[in-house]
Amino acid sequence: MQIAQALPFPYDFDPKSTALVLIDMQRDFIEPGGFGETLGNDVSLLEAIVPATQRVLAAWRGAGGLVVHTREAHRPDLSDCPPAKRNRGNPTLRIGDEGPMGRILVAGEPGNQIIEALAPVAGEIVIDKPGKGAFHATELHELLRARGITHLLFGGVTTEVCVQTSMREANDRGYDGLLLEDCTESYFPAFKTATVEMVRAQGGIVGWTATGGQLIEALGGA
Ligand code: TIU
């Protein structure tokens with residue numbers, strides 16, 4: 001068992017029963033012309049976490065830990081996209097519309113791919129999820145249970161939308177979750193700050209928070 005310096009108290013974990021879950025580090029959110037920008041966001045804010053996330057990913061792979069990547073992705077026929085999701089608000093392009101990186105938020109399109117710097121490698125799990133949470137309408141829980149995973153380390157985008165939703169879903173399913181604060185980002189800095197604080201409030205009501213460096217230190221500085 002290894003202990004990471006974390007808040008609200010140290011996080012006790014065994015890399016063999018822990019997975020690193022990187023949420024939606026895909027071009028649709030991080031690069032111009034994707035879903036994030038169609039919603040009116042300044043997407044340039046998100047790329048700041050890429051170096052810290054790369055360091056954590058390299059250390060975690062070096063420690064032999066399981067890696068899960070998710071993508072917010074819909075089937076080409078949009079049969080898994082509720083009209084309420086597609087019709088919400090007034091985006092410049094809607095889910096399924098043709099954009100500069102292919103159809104917005106559709107599986108297999110260029111914009112739906114995970115950015116090159118964090119691309120999955122053989123043996124890692126890639127989950128296409130139609131919702132904000134990684135457990136909704138996916139096989140993630142079964143895949144993790146089959147591998148004896150009890151602890152989850154979360155990074156990715158955006159902090160208060162898909163990352164927080166996934167972390168809350170995991171918490172209700174009995175996982176001990178830790179949010180890597182310098183490996184997650186929001187289009188709204190105040191929302192990131194609030195999310196990090198609310199996760200660890202009330203004695204870790206949703207889970208723990210730590211930096212990528214603190215995790216790497218717990219792995220022996222890998
Ligand atoms: N809009 C926004 O902040 N996020 C999303 O729509 N999806 C994810 O967070 N991945």
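Just follow the structure's listing: the first ligand is 1, and inside any ligand the first atom is 1.
- At most 12 non-hydrogen atoms from other residues, nucleotides or ligands lie less than 6.0 angstrom from CD of E139.
- With T38, T158, L105 as candidates, the residue nearest to atom 9 (O) of ligand 1 on a non-hydrogen basis is T158.
- Near Y187, with a cut-off below 4.0 Å to any heavy atom, the atoms of ligand 1 are 3 (O).
- Note: an N/O pair closer than 3.5 Å links E72 and ligand 1 by distance alone.
- Contact annotation: for V157 versus ligand 1, heavy atoms closer than 4.0 Å belong to the backbone alone.
- Using the six-membered ring where Trp is involved, Y11 and W208 have ring planes that are perpendicular, over 60° apart on the 30 and 60° scheme.
- Distances between N or O atoms of K132 and those of ligand 1 include at least one value under 3.5 Å.
- The protein heavy-atom contact nearest to atom 5 (C) of ligand 1 is F29 CE2, 3.4 Å.
- Between D24 and ligand 1, an N or O atom pair is found at a separation short of 3.5 Å.
- L152 places a side-chain heavy atom less than 4.5 Å from the side chain of L144.
- A 4.5 Å side-chain heavy-atom check between L45 and F188 finds every atom pair outside the cut-off.
- When hydrogens are left out, the protein atom nearest atom 1 (N) of ligand 1 is L39 CD1, 3.6 Å; that is the closest non-hydrogen contact.
- Here's the thing with V161: none of its N/O atoms is less than 3.5 angstrom from an N/O atom of ligand 1.
- Near F35, meaning under 4.0 Å from one of its heavy atoms, ligand 1 places the atoms 6 (O).
- Annotation: Y175 is in aromatic contact with H141 [ring centroid separation under 6.0 Å].
- No more than 12 heavy atoms of other residues, nucleotides or ligands shown are found within 6.0 angstrom of CZ on R88.
- Heavy-atom contacts from other residues, nucleotides or ligands closer than 6.0 Å to CD of E142 number more than 12.
- Taking the charged nitrogens against the carboxylate oxygens, D97 and R86 do have a contact shorter than 4.0 Å, which makes a salt bridge.
- The shortest N or O to N or O distance between C162 and ligand 1 is below 3.5 Å.
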